[in-house]
Amino acid sequence: MSTTDSTTASPDGMDSTERDEAARAFLADFRSMSTFGATTGGGVDRQAGTAADGQTRNWFRGLVEGHGFEVRYDAVGNQFALLELVPGVPYVAMGSHLDSQPLGGRFDGAYGVLAAAHAAIRLRAALADASAPAFNIAVINWFNEEGCRFKPSMMGSAVFTGKLPVEQVLATTDPRGTTVREALESIGTVGDFGLEVAAYLEIHIEQGRSLEDHGLSIGLVESTWGANKYEFVVHGEQAHTGATVIADRHDALLGASLLVAAAREIADEFSTDEHAVITSCGEFTVFPNSPVVVASRVDLLVDLRSTDHDVLAAADAELHRRVAAIEERADVSIERGAEHIWASKAYDASGMALAAAAAEELGLTYGTVRTLAGHDSTNMKDIVPTIMLFVPSVDGISHNEKELTRDEDMLAGVDLLTEVLRRVVGGDFVAGG
Ligand code: GLV
Ligand code: MN
Ligand code: MN
């Protein structure tokens, strides 16, 4: 970990007045962006394909078009803001997502999209008199990173990287039966654009405490945690909560509850000092959910994560072993539906070295971190060289209206992304065109 002090140099040769102006512009745009879908608790609710998501996308389009970008959409609603510097050369892309969880924070994803746009704008100004860059620049607002209204998460980048078929995704429904296709058409942000990307950069809030605990302003992400997510359906039989004797019950809610508790026990049992196991149930829907009715069915999503492939595989096997015991105990049947799985995998080491050198040059403190959360870079790193950066989250709070990243940390991240972009666009990471 670097111990350089936190007085930053300018990544793009700006004097202090220009730096102040760039910082003010970023923070003003961040405040404007945060008004879309704003909640009374200080967060945002911009689930994918909703009116609030559409308004944020349109605001972003207006912002970047005002700076000379061209905006395009692909078939799954990924929003591309293109800054052509040299006709015909390939694109370096940066991005994240403007959609949010219900009652989510203002920073998750949105910070990274805005930081990318500002880094591109700053770099273009700095390049004005310099030699021709090796790449053009695209800023991507990925559709439905959060995966709350439509599962799975990281949907737009999964289609872009060929991990999910577009037709399957467009036919995916939310709990009310609205398809992704209908939702995208209702907000009018869909097209047929395609882009070849040579390298990908993403900056995001950490959503954990490690940077704050170590007093660092930047995290260089060295790898993802592995994650296995399963949709389970517990089938029971609807009955009277009073009149039906216990021996006759097939209580889906009891079975689902045992599954939730089993997931937590597995986290406790399989975590080691070296490799933690983290499990959760984030979604739980009871049918018919009525006071005097034994539940006939519960849909739930169980999520297991670990840094180590073997530890995750062992925890996963235990979860599935316990399913049989729970079926017997609650006298229900448990069906396993869709799954969403990604492996623990490293980011490009040369990209981390490039970002470390950039942080050193700017005098920013940094360390290496692993990402527990999924990001669009989780998908992108599997097809192109990728650099993933973090800025601190106060108290690690995330997926919560109280999520907070301090202004100075957001601005340090934009400085670093600008410097990393300068190096990448100059051909220091991948060969240019
Ligand atoms: C995001 O998609 C996550 O599951 O962390
Ligand atoms: Mn995110
Ligand atoms: Mn999120």
Side-chain angles (χ1 to χ4, degrees), residues 33-34 37 39 43-48 53 56 78 94-116 140-161 163-164 169 172 200-208 219 221 223-231 263 276-283 301-307 312 338-345 369-382 386 388-393 396-405 410 413:
M33 178 172 69
S34 304
T39 59
V44 292
D45 191 337
R46 299 198 294 243
Q47 295 178 58
D53 185 28
T56 322
N78 292 317
M94 297 179 284
S96 200
H97 58 98
L98 294 177
D99 70 309
S100 83
Q101 291 287 332
L103 302 180
R106 309 192 301 280
F107 301 84
D108 179 354
Y111 165 67
V113 176
L114 191 64
I140 307 176
N141 165 27
W142 298 105
F143 176 68
N144 188 25
E145 192 280 343
E146 294 290 6
C148 40
R149 179 177 175 197
F150 299 103
K151 291 190 280 289
S153 59
M154 307 174 328
M155 184 179 260
S157 54
V159 172
F160 186 84
T161 54
K163 295 182 180 199
L164 282 178
V169 161
T172 300
Y200 179 69
L201 319 178
E202 181 163 350
I203 193 163
H204 200 280
I205 58 165
E206 184 188 10
Q207 306 176 278
V221 182
S223 74
T224 53
W225 284 50
N228 293 2
K229 299 186 188 180
Y230 300 107
E231 289 177 39
V277 173
I278 291 192
T279 64
S280 211
C281 166
E283 190 178 42
L301 194 139
V302 178
D303 172 334
L304 296 94
R305 305 184 193 218
S306 178
T307 41
L312 182 59
E339 60 184 37
H340 182 203
I341 290 179
W342 66 86
S344 165
K345 211 162 158 194
V369 287
R370 306 182 71 164
T371 179
L372 270 146
H375 300 290
D376 296 300
S377 73
T378 308
N379 286 329
M380 287 299 284
K381 74 171 185 341
D382 295 339
T386 292
M388 179 83 206
L389 306 168
F390 277 170
V391 291
S393 294
I397 294 171
S398 184
H399 284 187
N400 183 313
E401 293 168 291
K402 295 196 191 73
E403 188 178 85
L404 177 66
T405 292
M410 286 205 284

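Counting convention: from 1, in listed order, for ligands and their atoms alike.
- Of all the heavy atoms of W342, the ones lying under 4.0 Å from any atom of ligand 1 belong exclusively to the side chain.
- Contact atoms of ligand 1 toward A373: 5 (O) (distance under 4.0 Å to a heavy atom of the residue).
- Residue contacts with ligand 1 for R305 involve side-chain atoms from C-beta outward but no N, CA, C or O (heavy atoms, distance under 4.0 Å).
- Near S153, the atoms of ligand 1 lying under 4.0 angstrom from a non-hydrogen atom of the residue are 1 (C), 2 (O).
- Residues K163 and D382 are paired through a salt bridge, judged by an N-O separation under 4.0 Å between the basic side chain and the carboxylate.
- Residue R305 holds its CZ atom at 10.5 Å from OG1 of T279, rounded to the nearest 0.5 Å.
- The residue from D99, N379, L98 that alone fulfils the side chain to side chain contact (heavy atoms under 4.5 Å, CB included) condition with E145 is D99.
- The protein non-hydrogen atom at the shortest distance from atom 5 (O) of ligand 1 is G374 N, 2.7 Å.
- Protein N/O/S atoms nearer than 2.8 Å to the Mn ion (ligand 3) total 4.
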Audit row: E146, H399, side-chain contact (heavy atoms from CB on, under 4.5 Å) steps and yes/no: CA-CA 10 Å; E146 294 290 6; H399 284 187; 3.3 Å; yes
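- Contacts between K229 and ligand 1, counted as non-hydrogen atom pairs separated by less than 4.0 Å, involve the side chain only.
- Here's the thing with M154: none of its N/O atoms is less than 3.5 angstrom from an N/O atom of ligand 1.
- Between F143 and F150, the ring planes are tilted. Angles from 30° to 60° get that label.
- Within the structure, the closest approach of H375 to ligand 1 does not fall below 4.0 Å when heavy atoms are considered.
- Atoms of ligand 1 lying under 4.0 Å from any heavy atom of E145, numbered from 1 in the order shown and given with element: 1 (C), 2 (O).
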Candidate pair K229 and L301, rule side-chain contact (heavy atoms from CB on, under 4.5 Å), full reasoning: CA-CA 7 Å; K229 299 186 188 180; L301 194 139; 4.2 Å; yes
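- Here the CE-OG distance, from M154 to S377, works out to 8.5 Å after rounding to the nearest 0.5 Å.
- Inspection of the N144 and H97 side chains reveals no N or O donor paired with an N or O acceptor under 3.5 Å.
- When the options V391, I397, L404 are evaluated for a side chain to side chain contact (heavy atoms under 4.5 Å, CB included) with I205, the one that passes is V391.
- When the options Q207, E206, Q101 are evaluated for a side chain to side chain donor-acceptor pair (under 3.5 Å) with S398, the one that passes is Q207.
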